[in-house]
Amino acid sequence: MYQSIRIAGDGFTADIQAYMRHQHNIKVGERTAEEIKIRVGSALPDLDNPPNDYTVRGPNLMTAMPIEIPISYQEIAHCLDKSLTKIEAA
């Protein structure tokens with residue numbers, strides 16, 4: 001029997017936004033989170049041919065000053081892990 005769950009690209013985008021907010025204190029919009037997902041999104045923390053880090057630009061949540069933070073595919077794999085586990089369990 002097949003089962004459907006409500007986790008898809010939008011959920012991954014929201015996970016990335018929350019991760020950036022909590023881990024790096026930077027606010028990113030939906031478009032930026034989508035770009036992160038495309039550039040360095042990964043379900044696996046160890047890749048043979050990894051993508052280059054992606055520089056994220058946005059306002060610091062404490063100061064509202066613009067900041068730049070390099071993001072690696074390993075970080076994105078970590079932040080998507082909970083949603084990916086839900087998919088695997090379904």
Side-chain angles (χ1 to χ4, degrees):
M1 180 162 93
Y2 294 100
Q3 180 179 341
S4 177
I5 59 174
R6 293 192 170 275
I7 297 175
D10 291 344
F12 294 150
T13 300
D15 288 347
I16 292 169
Q17 287 178 291
Y19 177 82
M20 296 302 292
R21 186 171 47 252
H22 296 290
Q23 285 299 120
H24 295 290
N25 224 21
I26 185 173
K27 181 178 181 177
V28 298
E30 198 171 307
R31 179 176 279 168
T32 301
E34 183 76 20
E35 189 68 19
I36 293 168
K37 188 171 60 177
I38 291 166
R39 300 284 181 141
V40 291
S42 176
L44 302 173
D46 296 311
L47 297 175
D48 291 336
N49 189 14
N52 293 330
D53 288 356
Y54 180 68
T55 302
V56 178
R57 294 168 183 84
N60 180 294
L61 290 171
M62 302 299 281
T63 65
M65 297 296 293
I67 57 173
E68 291 185 354
I69 298 184
I71 299 298
S72 69
Y73 78 95
Q74 291 106 334
E75 282 188 86
I76 301 307
H78 173 72
C79 92
L80 298 179
D81 190 54
K82 190 184 294 183
S83 290
L84 291 167
T85 301
K86 290 178 187 176
I87 292 171
E88 288 174 349

dist Ile69:CD1 -> Asp53:CG (nearest 0.5 Å) comes out at 12.0 Å

Could you verify whether a donor N or O on one side chain and an acceptor N or O on the other, from Gln23 and His78, lie under 3.5 Å apart?
no

Do any N or O atoms from the side chain of Glu68 and from the backbone of Arg57 form a donor-acceptor pair under 3.5 angstrom?
no

Which atoms form the tightest heavy-atom contact between Val56 and Ile71, and what is the distance?
CG2-CG1, 3.5 Å

Show, in sequence, the C-alpha distance, side-chain angles and deciding distance for Thr13 and Lys37, and conclude whether the side-chain contact (heavy atoms from CB on, under 4.5 Å) test is met.
CA-CA 7 Å; Thr13 300; Lys37 188 171 60 177; 3.0 Å; yes

Would you compute the distance between atom NZ of Lys27 and atom CD of Gln17 and round it to the nearest 0.5 angstrom?
9.0 Å

What closest approach, in Å, do Pro59 and Ala64 show between heavy atoms, and which atom pair accounts for it?
CB-O, 4.0 Å

Please tell me whether Tyr19 and Leu61 are part of a single hydrophobic cluster in this structure, the criterion being side-chain heavy atoms less than 4.5 Å apart.
no

Looking at Arg31 and Glu34, is any side-chain nitrogen of the basic one under 4.0 Å from a carboxylate oxygen of the acidic one?
no

Heavy-atom closest contact (Leu47 atom, Ser42 atom, distance):
CD1-OG, 3.7 Å

I would like to know whether Ile76 and Ile16 meet side-chain contact (heavy atoms from CB on, under 4.5 Å); could you show each step before the answer?
CA-CA 7 Å; Ile76 301 307; Ile16 292 169; 4.3 Å; yes

Taking all non-hydrogen atoms of both residues into account, name the closest pair between Pro70 and Glu75 and its distance.
O-OE2, 3.8 Å

Which atom names give the shortest non-hydrogen contact between Asp46 and Tyr73, and what distance separates them?
CA-OH, 3.7 Å

Taking C-beta and beyond as the side chain, do Ile67 and His24 meet within less than 4.5 Å on heavy atoms?
no

